[in-house]
Amino acid sequence: MKTVLFIEDESALQKTFGDILKDEGYKMISALDGESGLRIAKTEKPDLILLDLILPKVHGFEVLKELKEDKETKDIPIIVLTNLEGMGDVEKALELGATTYLVKASYSLEEVMEKIKKTIGD
Amino acid sequence: MPRPVSYFSQKFLLCKPRREILTLLYNLRVSFRKSWRNYSTDKPSEFLFISWIRYDIILLMKSLKILKQLDIVSQCRKYGLSLWQCPQFLFLIMGIIIILTGLVAYAIGNRYVAEPEIVALIVIGITLILFIIAFTITNSFERLTEANRMKSEFISVVSHQLRTPLSNLSWAAELLMSGKLGKIEKKQTEYFKILKENSTRMGELVKDLLIVSRLETKTLSFTNKEFDLSEIVKKLIWEFTTFAKASNVDLKFKAPKKLSKVWADSFQIKLVIENLLDNSIRYIKDKGEVQMRLEQRGNKIYFEIKDNGVGIPKNDQKYIFQKFFRSENIMKYQTQGSGLGLYIAKSIIEKSGGKIGFISQEGKGSTFWFTLPITS
């Protein structure tokens with residue numbers, strides 16, 4: 001069973017994704033802040049990371065940078081899932097090594113799941 | 001023949017009630033039109049009379065505009081500032097002080113010309129007062145700028161904060177509706193649908209507010225590159241098929257086979273066409289047709305979207321690109337909408353180096369168009 005690490009401080013979203021990922025046959029691990037997200041990513045080495053950007057303790061960009069600089073985690077695909085859509089945010093995330101950048105408000109749950117499946121494989 | 005300026009001016013200024021003023025203007029217009037029809041080269045005096053009336057009206061209208069600008073109290077109220085913080089009022093006070101001090105300095109100078117120290121002291125005192133007023137004015141301008149910046153920031157923060165709970169709500173409703181968490185009854189599906197539709201609606205409004213806020217703070221990013229405009233239109237027609245069918249509207253599109261690519265931000269231009277197409281479908285009453293076409297005009301690509309919808313009343317046409325403006329007849333047919341779509345469309349097209357416009361007739365329909373530069 002493939003594992004998805006969801007680094008997101010919104011517990012409502014954690015619950016929604018927990019249920020849908022389980023239904024699709026994935027195992028989801030939650031991290032509610034950037035610091036624990038980094039720690040879990042390094043110890044668990046998930047198959048995919050879903051990353052929000054506005055996070056407590058360590059900002060999402062910092063998490064992304066550190067994971068992509070670490071030999072152990074640099075190959076894990078990271079989908080940025082955020083509502084941050086300011087000037088240069090998308091470019092910055094992609095430059096740092098994010099696989100995809102999804103703005104939550106512009107996608108349906110089904111579309112997000114399709115992107116996850118496409119990135120991680122069934 | 002005496003010049004009629006004074007007669008009309010007096011009559012205009014004396015009759016206070018607005019209705020009387022309007023009636024007078026209407027009568028003037030009627031008499032002008034009648035006289036114009038009767039005008040012939042053998043009646044030069046009549047022609048002169050008409051010219052005078054026109055001249056009089058123009059003068060009066062201009063004076064009214066100036067008078068409106070001099071209504072400082074209401075202008076200050078518009079900014080939500082007290083009189084002593086309002087730049088216009090302070091400028092007026094400064095002007096009055098300058099005039100009065102000029103007169104006083106002249107009178108005192110005449111009397112105490114033997115004692116220049118007194119005159120010098122007065123000048124220093126007056127300069128000090130003017131300096132304080134000028135400082136207060138600058139401060140007020142700063143406050144106004146700050147208030148404007150805070151307004152944009154407020155919209156931006158609120159919109160961002162609203163987006164997250166809206167996504168949560170929308171996705172939770174979607175998950176429930178999918179039936180993956182258990183079987184749901186038909187009646188429950190209807191209510192989940194209401195939840196989903198309304199969160200989407202709120203999401204759209206928040207999205208528009210964020211774009212407006214970014215346009216005003218000049219932080220909306222434009223990544224220009226060359227792209228095929230007809231591809232964008234075709235993609236949107238596909239996306240709008242369900243909505244158009246549900247509204248009994250046929251979508252038609254015509255474009256030449258060979259068309260130069262445009263130079264703009266495809267994402268923002270898609271948003272513009274999306275807004276125009278949505279409006280065209282939304283404001284068709286029962287059933288109708290929306291025709292879109294593309295053509296090359298010199299170094300520009302011309303896009304046109306024509307509908308046979310409710311149209312825009314003539315009186316509303318000059319406001320149609322204004323922020324939050326919604327035409328009165330549109331409110332009769334469709335209460336949903338923020339009045340931001342066309343404002344956003346105009347701002348994006350102008351920032352992309354193009355032009356936007358429309359022609360419309362109430363009850364017959366509207367044709368909106370825009371141009372975009374081609375790749376050089």
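Values in this document were obtained by computation on a predicted structure and should not be read as measured data. Each chain gets a letter, A, B and so on, in the order the sequences are listed, and its residues count up from 1.
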Exercise for review: Could you grab the distance from atom OG of S167(B) to atom CG of L13(A), nearest 0.5 Å is fine?
Suggested key: 7.0 Å
Check your understanding: Does F243(B) CZ have over 12 foreign heavy atoms under 6.0 Å away?
Key -> yes
Point to revise | Portion of L181(B) that has a non-hydrogen atom of chain A nearer than 4.5 angstrom | key: side chain
Check your understanding: Within a radius of less than 6.0 Å around NZ of K300(B), do more than 12 heavy atoms belonging to other residues, nucleotides or ligands occur?
Key -> yes
Practice item. To the nearest 0.5 Å, tell me how far N83(A) CG sits from L210(B) CG. Key: 9.0 Å
**Study point:** Reported CD1-to-OG distance for the pair I20(A) and S178(B), which is rounded to 0.5 angstrom
**Key:** 6.0 Å
Review point. Does atom NZ of K42(A) have more than 12 heavy-atom neighbours from other groups under 6.0 Å away?
Key: yes
Check your understanding: Just wondering, more than 12 heavy atoms not from K196(B) lying within 6.0 Å of its NZ?
Key -> yes
Practice item. Let me know if K180(B) has heavy atoms under 4.5 Å from chain A in its side chain, its backbone, both or neither. Key: both
Review point. Quick one: does W171(B)'s side chain get under 4.5 Å of V112(A)'s, heavy atoms only?
Key: yes
Practice item. List the steps, then state whether side-chain contact (heavy atoms from CB on, under 4.5 Å) holds for K104(A) with N168(B). Key: CA-CA 9 Å; K104(A) 289 174 189 168; N168(B) 296 353; 5.8 Å; no
**Study point:** Reported CD-to-CE distance for the pair E174(B) and M113(A), which is rounded to 0.5 angstrom
**Key:** 11.0 Å
Check your understanding: If you draw a 6.0 Å radius around NZ in K193(B), do more than 12 non-hydrogen atoms from other residues or ligands fall strictly inside?
Key -> no
**Study point:** Atom group of E24(A) that falls short of 4.5 Å from chain B, counting heavy atoms
**Key:** side chain
Review point. Does any heavy atom of chain A fall under 4.5 Å from the side chain of T223(B), the backbone, both, or neither of them?
Key: side chain
Study note, to complete from the structure: Note: T16(A) and L175(B) closest approach over all heavy atoms is O-CD2, 3.6 Å
Exercise for review: Check the surroundings of atom CD in E110(A): do more than 12 heavy atoms from other residues, nucleotides or ligands lie under 6.0 Å from it?
Suggested key: no
